[in-house]
Every structure is written in C-alpha cells, then in structure tokens.
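To start, the structure itself, in structure tokens.
Atoms within each ligand, like the ligands themselves, are counted from 1 in listed order. Please read all numbers here as calculations on a predicted model, not as lab measurements.
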Amino acid sequence: METNTMIQKTEDYVLHTYNRYQIVFEKGEGVYLYDSEGKKYLDFAAGIGVNSLGYGNPKYKQALKDQIDSLTHISNLFYNEPLSCAAEKLVKATGLSKAFFTNSGTEAIEGALKAAKKYAYTKGRPEANTIIAMEHSFHGRSVGALSVTGNEPYRKPFIPLMPGAKFAEFNNFESVKALADENTCAIILETLQGEGGIYPADEAFIKDVRALCDEKDIVLIIDEVQCGMGRTGWFFAYQKYGIKPDIVTCAKALGCGVPVGAFVLNEKMASSTLVAGDHGSTYGGNPLVCRAVSTVFDLYEEENVIENVKTLTPVLEAALDSLVDKYDIVKGRRGMGFMQGLIIDPSVKVNDIILKALEEGLIVISAEGNVLRFLPPLIISKENIEEMLIKLSKALA
Ligand SMILES: *Cc1c(COP(=O)(O)O)cnc(C)c1O
C-alpha cells in the first residue's frame, strides 16, 4: 500500500485522539526503525519507553513464537506456567510480595487504587477515601487514573471524576503533609515524573513521604510504569533511594512490546486487601504476555541490560549537557539514567525540533513544559549516543 493511502485510511477509520507524525513504520532492527520509504531512524523514544530490548531480539521473538504455537490464552480460572514464572521474577525484582497482571499501565493504577481503598475498608476506616497525588503527575486516562493525574486540561472535560483526589506539589514535603489527615487513604507518586516533564524525586522528599505513610498508616503507591524496569539504572527507581512502596505499578517495558502491566503489593497489602471476587481481568496475565515478561527478565540478566544503563548514563548525560552548553535554546537537563529531558526555551516549539530530528533520522519525543524527552532502548551503545548527538545537533542548529 502507498504511504499516503495508509495514512489516509488510518485517519478515515481511527478516532483522531493522536496527532501523528506523517511516517509509517514497517520494521525494526536493534535500535533502528525503518519507514515505508526505507528510511532509517535511530530510535531514542523506544515506543514511549516500551522497547527496552530494542527491536527484533532473536530470543524474545522465538519465545513468543513458541508460546503462540502452544497457548496464547486460557483464562484466570486456570493456572499456566508463564504466569507463575513471570510473577516470581517480577516480585523478586520489586522486593515486594505478590503481583497482579493487567493489560496496561492505566489498569495497574486502577488496581492499586482499589487495593488502597480496600486496605482502609479492611482497617475499619471506610471513610478514608482521600488520595493525595502530585501536580504534573501522569497515571493514565481511565476515570480513576485520570482523577489522580495532575494535569488540569486532561481532567477538566470529564469531571466529576473519582472523588477524594487532592494535589500536592511534587518534591515539597510540607505540601503533602498539609493534605494528609485521618481521611487519607493513599499517596501516589512517580519516582521520576515522565509525561509531566522529567522531574526526579528528591531523596529527602521520597523518604519523608515514606515515613509519613508509615506514621499515619497511609498506603504509598509508587508509579513506575515509565521509570521502572531498569530505565534509571535500577530495576525500580525507588531502589536507588533505599525505600519500598506498599504498591508499585509497572507496565511499558515490562513486556517490551506486548500489552502488559502489573501492580505488585507488599506482604501487608497482599494479606489485607484484594481477595477473590474483588478484582479481575479476562486477559490479565495470559500465557502470551507472561511468556514475554518472563523472557524480558531473562534477557535483562543475560544481556546485562541494567549494567549497560549504569555504564552509559554518564556518557548520555555528558552528550546532553554538551547541547546545553552549545545551544542557547537548550536551557538545561533533568533526568535519571536513560530517562532524560532537555528543557527548551519557550520561544522554540519542541515539536519543531522533533520534526527536524525526524528529518535527520532520529526519533525523540516531548514531555510537558517544552521538554525534549529521551527514552532510548536500554541496549544502546556509546556509538548510538554519538550518532544521536550528531543528528540532534543538526536539528538544533
Ligand atoms: C504511560 C504511563 C501510564 C499509563 O500507562 P498506559 O499503559 O498508557 O495505560 C501510567 N503512569 C505512568 C507514569 C506512565 O508513564
């Protein structure tokens, strides 16, 4: 099919909720994507932080093919081997106790919110239904997840949403403390805010919030849908701060390309919240996606994926910092590991830079607040970073 025909047909039949770039991708290999005209792109967006292993990993592909040959779906009324393996690996990586698999990050948030509400209910505090969330946060587009998303334009057309959500200032512990009372059920935050503009949590902030939750028996939900699964150089970014959430949510890179998310609970939550009949999902944790998850964990280990992030983070940071020094329109850099943002002067539209970069054969994306966002596959090399720097320099110039 002609490129223009594919684009037109999509616009004719798919609801227009995305302003898409005028490119049709056909295949991927390693850290490169190829469009319908055969043009090659270096991918520093990885499908919005999903394709951590890049494209076409032979072992990943073979595992999925094998699983398709044996079984893709049964139901959660029965057991399957990939589910047991995926859950064990995920629980061990989080340092928590029990996992529930979902089909997306949004649904992981929904489950976490329900678990927190059930905890207050079990504890004889059913009236405790306030959830403290952060400004600039992003947790998803469903009614529950949107209720705790700190982006007013996203929420406004859909109010009234879930009642009880209150917003505190990220990295301002006093603003969180001021909202916390006996009616607070949960505090939800991202360790490193993604969509909101790449804001890492301060160590003191996250530790103070953890202590406040312990003191007041508030459930701490940490959303690592974007910053988890090795992206920061830690399996989960909270591990860098030496704290543990009561519930962590995970998705994006969890299955490296199949639709899967999860929320993982600590022992306290697992033993006193959701029980049979409280929650469910027809697809959730089916053999196909769990085979992917299980394989992803194996490949992270075999291919030293997190080591690669740790080793190359200083190289990526230095490359991006050099752009801050060289171009007046690049005001600064924020981020952790392979989740980085360049702050662009408000006089220049980030989208114009993205379009120029695409012309140069480089994929980068944006985040709120005129930020150019970098979420490369976790398998990039030093040479890939150098190539990115050359292409992006041309786009900025
Ligand atoms: C992407 C994202 C979500 C939503 O995940 P979906 O898979 O799009 O539903 C939730 N939280 C964070 C931090 C995200 O980055």
Go through it in stages, so that I can follow the logic: the residues are L392 and I353, the test is side chain to side chain contact (heavy atoms under 4.5 Å, CB included), and I'd like the CA-CA distance, side-chain angles, deciding distance and then a yes or no. CA-CA 8 Å; L392 188 58; I353 300 174; 4.3 Å; yes
So, for Y283 and F101, is the gap between ring centers shorter than 6.0 Å? no
Can you give the donor-acceptor pairs under 3.5 Å from side chains of residues 26-34 to other protein atoms, not counting sequence neighbours?
from	atom 1	to	atom 2	distance (Å)
Y32	OH	E387	OE1	2.5

Is the centre of the F263 ring less than 6.0 Å from the centre of the F100 ring? yes
Output for ligand 1, non-hydrogen cut-off under 4.0 Å, lists S104, G105, T106, F138, H139, E190, D223, V225, Q226, K252
Using a 4.5 Å side-chain heavy-atom cut-off and chaining through intermediate ILVMFWY residues, the residues clustered with F167 come out as none
Any ring pair (Phe, Tyr, Trp, His ring centres under 6.0 Å) pairs touching residues 115-150, not counting sequence neighbours? H136-Y199
